[in-house]
Amino acid sequence: MLNIIICGAPGCGKGTQSDLIVKKYDLKHLSTGDLLRNEIAEKSELGIIAESFISKGNLVPDEMIISILAKNIKAFGSDINGVILDGFPRTVAQAEALETLMSSNGTEITVLLDLNVEKDELINRLLKRGETSGRSDDNLETITKRLEVYETKTAPVSNFYKNMNKYAAINGMGSVDDIFGRIEKVLDSKLVETVSVSNL
Ligand code: B4P
């Protein structure tokens, strides 16, 4: 199985690259941002709570997001090539919960792809998206807060996976296709490793 985490600062292109990865490697896609936005659109109880955090640039509480993720992963069943987790985990507590969840399902994370993008470019991309997205978090004040929250809460997740030898930094600057080419190199080498281990 190829179980991938894709992470990086807000606007780094997680969602954009996830769509290409899912197509090429035939994986299931779980975007916690999309799941939360669906709840918000449906005006569910969870969506109303989530919106109050997201519109201020904060992360939604760990317990809430962990239970949503666990429910959705379970729904995929076991007959799949793997999953891509887009925007999860965003805190070390979420990473710890994910490790427990994966091992209880008899599987594990293959690699964390960390998309590195310069701050000015992140802000430009999100402001541009804000012109059409209608998202309550795509404005300069909220983007600034999201970048701060990323540095304090999410960046430490990289170390968690570096310590497990499951970390790959990806240069996230340039065209969508060039960035995807860099990701393919990493994932193709992971696939070769997975096949050689299963043939031992
Ligand atoms: P997310 O939905 O994960 O979104 P994101 O960080 O805004 O965007 P992403 O990196 O996916 O960027 P995209 O491809 O769209 O999170 C939203 C909020 O939900 C969070 O702030 C948080 O509050 C909450 N949340 C989500 N998960 C959570 C969790 N696990 N725990 C707690 N809270 C959670 O790209 C951005 C823009 O750039 C797009 O317009 C795209 O077209 C453009 N773009 C992409 N690649 C480009 C390139 N190479 N060049 C130029 N433009 C590019």
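All ligand and atom numbering here is 1-based and tracks the order in the structure.
Nearest to atom 11 (O) of ligand 1 by heavy-atom distance, out of S133, A93, G13, G15, is G15. Comparing Q17, R37, Q94, M64 against atom 30 (N) of ligand 1, the shortest heavy-atom distance belongs to Q94. Considering R125, K145, E131 only, the shortest heavy-atom separation from atom 37 (C) of ligand 1 involves R125.
Ranking protein heavy atoms by distance to atom 6 (O) of ligand 1, first place goes to K14 NZ, 2.8 Å. In this structure, atom 23 (O) of ligand 1 lies nearest to the protein heavy atom N58 O, 2.9 Å. Of the protein's heavy atoms, V60 N, 3.2 Å lies nearest to atom 33 (N) of ligand 1. Given atom 5 (P) of ligand 1, the protein heavy atom at minimum distance is R146 NH2, 3.6 Å. When hydrogens are left out, the protein atom nearest atom 36 (C) of ligand 1 is R129 NH1, 3.5 Å; that is the closest non-hydrogen contact. For atom 25 (N) of ligand 1, the nearest protein heavy atom (residue, atom name, distance) is L36 CD1, 3.6 Å. Taking atom 18 (C) of ligand 1 as the reference point, the nearest protein heavy-atom neighbour is D137 OD2, 4.0 Å. At the top of the distance list for atom 20 (C) of ligand 1, counting protein heavy atoms only, stands R90 NH2, 3.8 Å.
Checked by atom type and distance alone, the side chain of N81 pairs as donor or acceptor with a backbone atom of D26 at under 3.5 Å.
With a heavy-atom cut-off of 4.0 Å, L115 does not touch ligand 1 at all. Under 4.0 Å from ligand 1, heavy atoms of V176 appear from its side chain as well as its backbone. At a 4.0 Å heavy-atom cut-off, ligand 1 touches R135 through the side chain alone. Of the heavy atoms in I179, only side-chain atoms (C-beta onward) come closer than 4.0 Å to ligand 1.
Using a 4.0 Å cutoff on heavy atoms, K128 does not count as a contact of ligand 1. Heavy atoms of G57 come nearer than 4.0 angstrom to ligand 1 in no pair at all. For the ligand labelled ligand 1, residue M173 lies outside the 4.0 Å heavy-atom shell. Put simply, no part of V149 is less than 4.0 Å from ligand 1, judged by heavy atoms. For the pair F88 and ligand 1, a heavy-atom separation below 4.0 Å is found.
Among all heavy-atom pairs drawn from I109 and K166, the shortest one is O-NZ, 2.9 Å. D86 approaches G15 most closely through the heavy-atom pair OD2-CA, 3.5 Å. Of all non-hydrogen atoms in I179 and G174, the two that sit nearest each other are CD1-O, 3.6 Å. Closest approach of G47 and I40 over heavy atoms only: O-CG1, 3.4 Å. For the residue pair R182 and N171, the shortest heavy atom distance occurs at NH1-O, 2.5 Å. Considering every non-hydrogen atom in both I80 and M1, the closest pair reads O-SD, 3.8 Å.
Between E39 and the options V60, D34, L46, a side chain to side chain contact (heavy atoms under 4.5 Å, CB included) holds for only L46. When each of V111, L113, L98 is tested with I5 by the rule side chain to side chain contact (heavy atoms under 4.5 Å, CB included), just one qualifies, namely L98.
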Notebook entry, point to check: Can L36 and F53 be said to form a side-chain contact (heavy atoms from CB on, under 4.5 Å), step by step?
Noted result: CA-CA 11 Å; L36 293 169; F53 288 93; over 6 Å; no
Next item on the list: Report the C-alpha distance between R125 and E121 in whole Å, list the side-chain angles of each, state the deciding distance to 0.1 Å, and finish with yes or no for salt bridge (Lys or Arg N to Asp or Glu O under 4.0 Å).
Entry: CA-CA 6 Å; R125 285 184 193 177; E121 171 72 6; 2.9 Å; yes
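Taking hydrophobic clusters as Ile, Leu, Val, Met, Phe, Trp and Tyr residues chained together by side-chain heavy-atom distances below 4.5 Å, L2 shares a cluster with F180.
Numbered from 1 in the order shown, with element, the atoms of ligand 1 that lie under 4.0 Å from a heavy atom of C12 read 10 (O). Residue G33 has at least one heavy-atom neighbour below 4.0 Å for each of these atoms of ligand 1: 2 (O), 26 (C), 27 (N). Of all atoms in ligand 1, numbered sequentially from 1 with element shown, those under 4.0 Å from a heavy atom of G87 are 27 (N), 28 (C), 29 (C), 30 (N).
One finds a salt bridge joining D138 and R146 here, because a Lys/Arg side-chain nitrogen approaches an Asp/Glu carboxylate oxygen to under 4.0 Å.
Looking only at atom types and distance, the side chain of Y167 has a donor-acceptor partner in the side chain of D114 under 3.5 Å away. Side-chain atoms of Y161 and E99 form a donor-acceptor pair, as typed in the model, at a separation below 3.5 Å.
At under 3.5 Å, a nitrogen or oxygen of T16, whether backbone or side chain, sits near a nitrogen or oxygen of ligand 1. The shortest N/O to N/O separation between G174 and ligand 1 falls below 3.5 Å.
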